[in-house]
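Numbers for residues simply follow the sequence, beginning at 1. The analysis underlying the following values was restricted to heavy atoms, covering all of them including side chains, and did not include hydrogens, waters or symmetry mates.
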Amino acid sequence: MKILALSDQVVEYLYSPLVKERFGDVALVVGCGDLPNYYLDYVVSMLNAPLSHVPGNHDLAPVSPDSEGDHEGRSNRAECGDIDGMVVEERGLLLAGLGGSIRYRPDGVHQYTQGEMARRVWALAPRLCWNRVRRGRFLDILVTHSPPRGIHDAEDPAHVGFEAFNRFITRFRPRYLLHGHSHVYRHGATTTTQVGPTTVINVFPYRVIEVDSVHV
Ligand SMILES: [Zn+2]
């Protein structure tokens, strides 16, 4: 089954009717943060697929500035699909969500120190262990905004990755860690890294992932 993962940048091509022609077979949309709700709403409405997403570190307009009223009467799916700090099941996949970035401003929303993110990870542990007992695995996909430390991250204060995510994937062994936050414009930049059984993917600005149905 196919997952369409999005992050950080509105892609005009996806924010158009073309998305249905090109990605009509996508079973789940995953948002890795820093995206406006109107964009997520549009894509999941067009694909008629469920949405699971986490917040990034930037506040964004909840509705499109040029389409006021367009969303009236529709449910806001983006608000329903927020899995930040949660472990959920969607389309048979076990997902966990940890949004936000490293703290680089004292008053920043969805910003965490390394220690704060470590505590957020361990708050998920009981539910992950319950999955392991009941379903034979902790989870399938960890959805984050920031990358792990040393993988697709950078040294500037806003783009350092979380060490807690490195420990998470070593301990809980998801099949995928999907993240955004690292804007890649250089051709040939590394966007996929294998860490044991976990494929770490920078989805910026979008990526299609084919998930093995053995696990679904
Ligand atoms: Zn970000």
Salt bridge or not between R120 and D84? Use side-chain N to carboxylate O under 4.0 Å. yes
Do D140 and R175 sit within salt-bridge range, that is, some charged N less than 4.0 Å from a carboxylate O? no
Pairwise side-chain contact, [X] with [Y], heavy-atom cut-off 4.5 Å (strictly under):
X: V200; Y: T192; value: no
X: I102; Y: Y112; value: no
X: K2; Y: F23; value: no
X: V29; Y: L6; value: yes
X: V203; Y: H179; value: no
X: Y13; Y: V19; value: no
X: I3; Y: V208; value: no
X: V54; Y: T144; value: no

How long is the straight-line distance from [atom2] of [Y] back to [atom1] of [X], given to the nearest 0.5 Å?
X: Q114; Y: R119; atom1: CD; atom2: CZ; value: 11.5 Å
X: S52; Y: L95; atom1: OG; atom2: CG; value: 5.0 Å
X: S101; Y: D153; atom1: OG; atom2: CG; value: 12.0 Å
X: I201; Y: Q194; atom1: CD1; atom2: CD; value: 9.0 Å
X: H110; Y: R103; atom1: NE2; atom2: CZ; value: 11.0 Å
X: N202; Y: T193; atom1: CG; atom2: OG1; value: 9.5 Å

List the residues meeting salt bridge (Lys or Arg N to Asp or Glu O under 4.0 Å) with R207, not counting sequence neighbours, and say none if there are none. none
Honestly curious: do [X] and [Y] fall in one hydrophobic cluster under the side-chain, below-4.5 Å linking rule?
X: L4; Y: V10; answer: yes
X: Y42; Y: Y38; answer: yes
X: L139; Y: I141; answer: no
X: M1; Y: V88; answer: yes
X: L28; Y: V143; answer: yes

Those residues that, when tested against E21, pass side-chain hydrogen bond (donor to acceptor under 3.5 Å, both in side chains) (two or more places apart): none
Suppose we screen for side-chain hydrogen bond (donor to acceptor under 3.5 Å, both in side chains). Which residues come up paired with D107, at least two apart in sequence or across chains? none
Carefully, step by step, assess V11 and Y39 under the rule side-chain contact (heavy atoms from CB on, under 4.5 Å). CA-CA 9 Å; V11 178; Y39 176 60; 3.7 Å; yes
Check: F162 ring centroid to F168 ring centroid under 6.0 Å: no
Do the side chain of [X] and the main chain of [Y] share a donor and acceptor less than 3.5 angstrom apart?
X: Q9; Y: P205; result: no
X: Y104; Y: D156; result: no
X: K20; Y: M46; result: yes

Validation: residues 121-134 side-chain donor-acceptor distances under 3.5 Å, sequence neighbours left out:
{"unit_1": "R127", "atom_1": "NH1", "unit_2": "V87", "atom_2": "O", "d": "2.9"}
{"unit_1": "N131", "atom_1": "ND2", "unit_2": "F138", "atom_2": "O", "d": "2.9"}
{"unit_1": "R132", "atom_1": "NH1", "unit_2": "G136", "atom_2": "O", "d": "3.2"}

Check the pair I151, N166 against side-chain contact (heavy atoms from CB on, under 4.5 Å), reporting the backbone distance first and the verdict last. CA-CA 9 Å; I151 301 173; N166 303 70; 4.2 Å; yes
Just wondering, more than 12 heavy atoms not from R173 lying within 6.0 Å of its CZ? no
In a table with atom names and distances, give each donor-acceptor pair under 3.5 Å that connects a side chain of residues 181-190 to protein atoms at least two apart or in another chain.
{"unit_1": "H181", "atom_1": "ND1", "unit_2": "N57", "atom_2": "OD1", "d": "3.4"}
{"unit_1": "H181", "atom_1": "ND1", "unit_2": "H145", "atom_2": "NE2", "d": "3.0"}
{"unit_1": "H181", "atom_1": "NE2", "unit_2": "A158", "atom_2": "O", "d": "2.7"}
{"unit_1": "S182", "atom_1": "OG", "unit_2": "H152", "atom_2": "O", "d": "2.7"}
{"unit_1": "H183", "atom_1": "NE2", "unit_2": "D8", "atom_2": "OD2", "d": "3.0"}

What are the two closest heavy atoms between [X] and [Y], and how far apart are they?
X: R149; Y: G161; value: CD-O, 3.5 Å
X: A118; Y: R167; value: CB-NH2, 3.8 Å
X: D82; Y: P55; value: OD1-CD, 4.0 Å
X: P147; Y: G180; value: CD-O, 4.1 Å

Sequence neighbours excluded, which residues qualify as side chain to side chain contact (heavy atoms under 4.5 Å, CB included) partners of E89? L94, R135
Kindly indicate, with the supporting measurements, whether the criterion side-chain contact (heavy atoms from CB on, under 4.5 Å) is fulfilled by F165 and M117. CA-CA 8 Å; F165 294 169; M117 187 55 86; 3.7 Å; yes
